[in-house]
Amino acid sequence: MSTVPAATATPPADASPTRTTDGRPRHLYEVDVLRILTFACVIGVHTTSHTAATDDVGLSALLGLLHFTRLVFFSLTAFVLVYSYEIRPRPMAQFWPKRFLLVGVPYLAWSFVYVASAWLLSSTRRGDLPDLVRTYAEGIVTGVAWYHLYFLLVTMQVYLLLPVVVWLVRRTRGHHVTVLVVAAVVQLVVFAGYKYFPASDAWLHGYQKQFFFSYVFFIVSGAIAADHADAFLRFIRVHRRGVLWGFAAVGVGTLGVWTVQVLLGQSLYAAGTPLQPVQVVWSAAVFVGFLAIGARWADRRRRGSLLARVVDYGSDRSFGIFLSHPFVIWLLLYGDSWLEGHVAKPWLTLVTYVLVVVLSVVLTEAFRWTPLSVPLTGRPSLASRAQREARARKRAVAAAG
């Protein structure tokens, strides 16, 4: 949920993927595209889960493919953290306060929004303040205040572990391939246990997705990719066509695994669950595939163009949209929903998706201009930024006069 250092313009084609021609860190516009595409798929996962018929084979298969989102995001989180840290190393006493402000505060705020909303709408719980406090506290500790907030809990675990991650990356230089292979094997074993041997993780009591060790390969691979960012992004550019064909092939293979599991008797949803071995391969393919798409965009980006402004806007607002979009889904589909009563399936999924995107953008934009921008969007208020810029201009004019 963080950003990479920005430069003033996209470098020429012969510049380094991570540096401008004068050696300054370049803004990684390919990461912006990766972030936007993945967030768009997050909304797709949640919208489809709430609107698809349980026997809809097509949408269930699509849902199985879209379940890469959490895994790609943990790779992205580790990549951005390590890349940024290596460019501008700083003490954790400076790093942690900023990171926890922009993720921890929204985590607390939105956990309360979701818990309090459910509490107010419950005829049996409403008015029971001890129940509200207890439920909120449990949600904070376990990440279950709402179904997407565990992601922030794991993200904060990664923040805490950054010194260990950076140490591992530096200590094992020259042996990163071995580290990746070991991490991948561990990840496959963990996911195989979660999927095929449920008794093996009974001690987690259903909280598998709330712990960083459930995503060890994705955290490690993102960190190692960041340590080789220049070579990694150059490889993706040079071999873009092969990367995209591999991306498509792994997608077909993932659908094949889903189909086999359905034929063997698993439910349409269970066959595509995210914590299973095939997702290790598929999510890694999505990460590099989306980066290849993003790299193509970055190399052709025209600064100031409409599309460039749209992508910049989407990347900046993406975290706020992530935080609020389940609330929009809830409002649209709550109770005897007008939408469900007037839009037939499977069109309900598409219509709901469009409405959720539009309304979440509107909601996030409104929040960005209020003092509640940090707790509700994880970004500083645009109003305060505009005021600071106006004061700076006045000072400049006064100094020039």
Side-chain angles (χ1 to χ4, degrees), residues 1-5 17-18 25 28 30-35 37-39 42 68-90 92 95-96 98-100 102-104 107 150-173 175-188 190-191 209-233 235-236 274-275 279-291 294 315 318-319 322 378:
M1 299 302 176
S2 50
T3 58
V4 290
T18 60
L28 302 185
E30 48 267 71
V31 170
D32 292 344
V33 173
L34 169 61
R35 182 181 290 112
L37 290 174
T38 309
F39 270 122
V42 169
F68 65 80
T69 52
R70 72 182 69 176
L71 309 178
V72 168
F73 264 131
F74 290 127
S75 288
L76 174 60
T77 298
F79 179 89
V80 170
L81 285 176
V82 174
Y83 178 74
S84 300
Y85 185 81
E86 290 189 344
I87 289 175
R88 297 191 184 96
R90 49 185 164 165
M92 289 298 110
F95 170 84
W96 280 325
K98 181 179 179 180
R99 295 295 178 178
F100 282 106
L102 299 180
V103 173
Y107 177 67
Y150 74 91
F151 173 75
L152 275 65
L153 185 62
V154 179
T155 297
M156 289 186 284
Q157 293 173 39
V158 177
Y159 289 171
L160 285 173
L161 289 169
L162 181 61
V164 177
V165 173
V166 171
W167 174 85
L168 175 67
V169 169
R170 292 176 174 176
R171 187 70 177 80
T172 59
R173 281 175 178 160
H175 306 281
H176 283 167
V177 172
T178 301
V179 174
L180 286 173
V181 170
V182 172
V185 171
V186 170
Q187 191 70 69
L188 289 167
V190 169
F191 275 12
K209 65 183 182 182
Q210 279 90 339
F211 293 101
F212 76 91
F213 54 72
S214 291
Y215 313 103
V216 61
F217 171 72
F218 303 98
I219 296 169
V220 170
S221 62
I224 289 178
D227 196 51
H228 301 275
D230 198 76
F232 175 57
L233 294 176
F235 176 88
I236 285 177
L275 302 185
Q279 284 293 345
V280 177
V281 181
W282 171 230
S283 299
V286 172
F287 183 75
V288 295
F290 279 6
L291 271 180
S315 180
S318 59
F319 186 38
F322 169 79

Tell me every residue that passes ring pair (Phe, Tyr, Trp, His ring centres under 6.0 Å) with Y215, counting only those two or more places apart in sequence or in another chain.
F74
What's the spacing between [X] [atom1] and [Y] [atom2] if we round to 0.5 Å?
{"X": "S318", "Y": "R35", "atom1": "OG", "atom2": "CZ", "value": "5.5 Å"}
{"X": "T155", "Y": "Y107", "atom1": "OG1", "atom2": "OH", "value": "10.5 Å"}
{"X": "D227", "Y": "Y85", "atom1": "CG", "atom2": "OH", "value": "12.5 Å"}
{"X": "L160", "Y": "R99", "atom1": "CG", "atom2": "CZ", "value": "13.0 Å"}
{"X": "F151", "Y": "Q210", "atom1": "CZ", "atom2": "CD", "value": "13.5 Å"}

Over all atoms of both residues, closest heavy-atom pair of [X] and [Y]:
{"X": "V165", "Y": "A223", "answer": "CG1-CB, 3.5 Å"}
{"X": "G104", "Y": "M156", "answer": "CA-SD, 3.5 Å"}
{"X": "P25", "Y": "I87", "answer": "CG-CG2, 3.7 Å"}
{"X": "V72", "Y": "S283", "answer": "CG2-O, 3.5 Å"}
{"X": "S214", "Y": "F191", "answer": "O-CE1, 3.2 Å"}

A side-chain contact here means heavy atoms from C-beta on lying under 4.5 Å apart; do [X] and [Y] qualify?
{"X": "V288", "Y": "F232", "answer": "yes"}
{"X": "L162", "Y": "V82", "answer": "yes"}
{"X": "V154", "Y": "K209", "answer": "no"}
{"X": "F79", "Y": "V31", "answer": "yes"}
{"X": "F287", "Y": "L71", "answer": "no"}
{"X": "F213", "Y": "V190", "answer": "no"}

Would you say CZ of R90 has more than 12 non-hydrogen atoms from neighbouring residues, nucleotides or ligands within 6.0 angstrom?
yes
Step by step, would you call L152 with F319 a side chain to side chain contact (heavy atoms under 4.5 Å, CB included)?
CA-CA 11 Å; L152 275 65; F319 186 38; 4.0 Å; yes
How would you list, by chain and number, every residue that makes a side chain to side chain contact (heavy atoms under 4.5 Å, CB included) with [X], sequence neighbours excluded?
{"X": "V182", "result": "T178, V186"}
{"X": "T172", "result": "L168, H176, V179"}
{"X": "A183", "result": "F217, V220"}
{"X": "V42", "result": "H46, T69, F73, F322, H325"}

Can you list the steps and then say if L28 with L233 is a side chain to side chain contact (heavy atoms under 4.5 Å, CB included)?
CA-CA 10 Å; L28 302 185; L233 294 176; 4.1 Å; yes
Residues that E30 engages under side chain to side chain donor-acceptor pair (under 3.5 Å), provided they are two or more places apart:
R26, R237
Backbone N or O of F218 within a donor-acceptor pair of the S75 side chain at under 3.5 Å?
yes
Taking V216's backbone N and O only, do any of them form a donor-acceptor pair with Q187's side chain (distance below 3.5 Å, no angle check)?
yes
Centre-to-centre under 6.0 Å for F68 and F290, is that the case here?
yes
If you look only at pairs with a residue in residues 69-87, which of them pass as a salt bridge (Lys or Arg N to Asp or Glu O under 4.0 Å), with sequence neighbours excluded?
E86-R173
Apply the test side chain to side chain contact (heavy atoms under 4.5 Å, CB included) to residues I224 and H228: give CA-CA distance (whole Å), side-chain angles for both, the deciding distance (0.1 Å), then the verdict.
CA-CA 6 Å; I224 289 178; H228 301 275; 3.8 Å; yes
Can you tell which of T38, L34, L291 makes a side chain to side chain contact (heavy atoms under 4.5 Å, CB included) with L76?
L34
